[in-house]
Amino acid sequence: MNLWELPTLDLAKELLGMKLIHDDDKGTTSGYIVETEAYLGPEDRAAHSYNNRRTARTEVMYDEAGTIYTYFIYGMHVCFNIVSGPVNKPEAILIRALQPIEGIEEMKERRVRAKTEIQLTNGPGKLSKAMGFTLSDNGKKMNEENIRIEEGIELGVHEISSGPRIGIQYAEEAVHYPYRFWIKNNPYVSR
DNA sequence: CGCATGATCGCCT
DNA sequence: GGCGATCATGCGG
């Protein structure tokens with residue numbers, strides 16, 4: 001089975017427990033993905049690509065699954081996403097939280113404000129900072145450059161929860177769609 | 001070109 | 001629970 005051929009909602013669940021790895025000049029940082037959110041293109045009011053909106057920013061969402069989509073939000077945070085679905089269907093999965101594995105000391109240096117290890121990566125902006133993801137990662141292909149996905153923990157369906165997405169109050173009917181997925185009882189999940 | 005807004009975080013009460 | 005920070009992006013003029 002090719003991971004990147006999965007429908008977006010399935011991929012969002014499949015990514016849980018997998019290992020996300022970043023190599024750069026500071027070394028390697030990695031973590032298990034413990035929380036994701038799916039954004040389903042044209043019909044999903046919460047998605048940047050709602051109604052097939054196509055701009056310089058959303059362009060990578062139309063690319064092939066496994067392309068990396070990073071964007072800047074609230075004047076200070078980077079969010080890290082993986083494009084999914086067929087080419088020209090602008091869907092993506094936001095990585096919302098990680099459980100750190102490697103490079104924890106480097107993460108602490110990058111996340112000076114974090115008081116506990118949990119706070120290093122328990123939110124989309126936090127994990128980007130801890131892992132060293134930036135806008136320059138936008139458009140990279142997963143597993144072709146310095147950002148990789150590997151098998152991690154195998155999860156059963158009963159270990160996964162779902163619920164409404166966070167921070168999309170403007171999205172009208174899409175507000176309640178259960179497109180957020182997380183590993184049950186994992187302490188690194190946001191909120 | 002100006003300006004409103006946001007897939008958040010951290011600090012304050 | 002509330003709010004200010006701070007700027008890339010998108011859209012209107």
Side-chain angles (χ1 to χ4, degrees), chain A residues 7-13 15-16 20 29 31 33-63 65-85 89-100 107-140 142 147 161-183 187-191:
Chain A
T8 296
L9 290 174
D10 295 335
L11 179 58
K13 286 176 267 191
L15 287 173
L16 293 174
L20 179 63
T29 46
I33 296 170
V34 301
E35 182 180 356
T36 59
E37 276 180 3
Y39 287 87
L40 302 189
E43 305 81 31
D44 180 1
R45 206 175 279 268
H48 293 158
S49 53
Y50 175 62
N51 210 14
N52 272 316
R53 183 157 77 162
R54 194 157 188 158
T55 65
R57 180 175 68 158
T58 63
E59 189 60 33
V60 295
M61 292 184 75
Y62 292 80
D63 211 334
T67 301
I68 288 162
Y69 171 39
T70 55
Y71 64 87
F72 198 71
I73 194 72
Y74 295 118
M76 55 187 90
H77 304 296
V78 173
C79 288
F80 181 90
N81 302 254
I82 303 173
V83 173
S84 66
K89 270 206 93 189
E91 305 181 336
I93 295 164
L94 170 67
I95 307 301
R96 287 194 55 89
L98 296 176
Q99 174 175 335
M107 291 184 186
K108 286 178 180 167
E109 285 183 32
R110 289 171 172 154
R111 293 267 307 121
V112 181
R113 293 235 175 74
K115 295 191 187 66
T116 67
E117 192 171 311
I118 300 273
Q119 295 170 358
L120 289 174
T121 53
N122 68 337
K126 298 178 197 177
L127 94 248
S128 294
K129 183 91 176 168
M131 295 285 287
F133 295 138
T134 67
L135 291 188
S136 68
D137 294 315
N138 192 49
K140 288 182 180 174
M142 193 63 85
I147 301 174
S161 293
S162 63
R165 294 169 292 183
I166 307 290
I168 53 153
Q169 304 86 330
Y170 57 87
E172 303 183 27
E173 80 280 356
V175 162
H176 303 295
Y177 295 174
Y179 291 173
R180 172 176 173 243
F181 305 97
W182 65 94
I183 299 179
Y188 294 87
V189 171
S190 68
R191 304 201 149 180

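Since we're looking at a predicted model, the values are computed, not measured. Quick note on labels: first sequence line is chain A, next is B, and so on, each numbered from 1.
The CD1-C1' distance, from A/Ile168 to B/dT5, rounds to 16 Å in whole Å. The CG-P distance, from A/Asn51 to C/dG10, rounds to 15 Å in whole Å. A/Glu172 places its CD atom 16 Å from the C1' atom of B/dG6, with the value rounded to the nearest Å. With rounding to whole Å, A/Glu37 atom CD is found 16 Å from B/dG6 atom P. Atom CD in A/Glu59 sits about 14 Å away from atom P in C/dT9, given to the nearest Å. Separating the CD1 atom of A/Ile166 from the C1' atom of B/dC9 is a distance of 14 Å, rounded to the nearest angstrom. One atom, CZ of A/Arg96, and another, C1' of B/dC9, lie 11 Å apart when rounded to the nearest Å. Rounding to whole angstrom units, CZ of residue A/Arg165 and P of B/dT8 are separated by 11 Å.
Phosphate proximity of B/dC11 to A/Lys115: present, with a side-chain N or O under 4.0 Å from OP1 or OP2. The shortest distance between the side-chain N/O atoms of A/Arg53 and the OP1/OP2 oxygens of C/dG10 is not below 4.0 Å. A close approach under 4.0 Å does not occur between any side-chain nitrogen or oxygen of A/Arg57 and OP1 or OP2 of C/dC11. Contact check, A/Thr55 against C/dG10: a side-chain N or O comes under 4.0 Å of OP1 or OP2. Residue A/Arg191 has no polar side-chain atom (N or O) positioned under 4.0 Å from OP1 or OP2 of B/dT8.
Within the shown strands, nothing qualifies as a pairing partner of C/dT6 under the Watson-Crick or G-U definition with both distances less than 3.5 Å. Across the strands present, B/dC12 finds its partner in C/dG1; the criterion is a Watson-Crick or G-U wobble pair with both atom distances under 3.5 angstrom.
Summary of the strand contacts: A/Met76 and A/Leu135 both lie near DNA chain C, and taking for each the nucleotide with the nearest heavy atom, the more 5' one is attributed to A/Met76.
Among the heavy atoms of the strands lying under 4.0 Å from A/Arg113 are primed sugar atoms or P, OP1, OP2 only; no base atom is included. When heavy atoms are screened at a 4.0 angstrom cut-off, A/Leu94 is found touching base atoms of the nucleic acid.
Nearest to the side-chain atoms of A/Phe72 among the listed nucleotides B/dG10, B/dA7, C/dA8 stands C/dA8. Closest contact between the side chain of A/Ile73 and the listed nucleotides C/dA5, B/dA7, B/dC9 involves B/dA7. Checking B/dA7, B/dC9, C/dA5 against the side-chain heavy atoms of A/Tyr170 singles out B/dA7 as nearest. Among the nucleotides B/dC9, B/dA7, B/dG10, the one closest to any side-chain atom of A/Arg111 is B/dG10.
Proximity of A/Met142 to A/Ile68: side-chain heavy atoms (C-beta onward) are separated by under 4.5 Å at one or more points. Under the 4.5 Å side-chain criterion, counting only non-hydrogen atoms from C-beta, A/Arg110 is in contact with A/Thr29.
You can call A/Tyr39 stacked on the base of B/dA7; the centres are under 5.5 Å apart and the planes sit within 30°.
With A/Tyr39 as the partner, the side-chain contact (heavy atoms from CB on, under 4.5 Å) test is satisfied by one option alone out of A/Val83, A/Ile93, A/Ile168: A/Ile168.
Looking at A/Tyr74, its side chain has no donor and acceptor atom pair within 3.5 Å of the base of C/dA5.
Taking the six-membered ring for Trp and thresholds of 30 and 60 degrees, A/Tyr69 and A/His48 have ring planes more than 60 degrees apart, a perpendicular arrangement.
With A/Asp44 contributing its side chain and A/Ala46 its backbone, the two residues share a donor-acceptor pair below 3.5 Å.
The side-chain tip of A/Arg45 does not point at the ring of A/Tyr177 from less than 6.0 angstrom away and within 45° of straight on.
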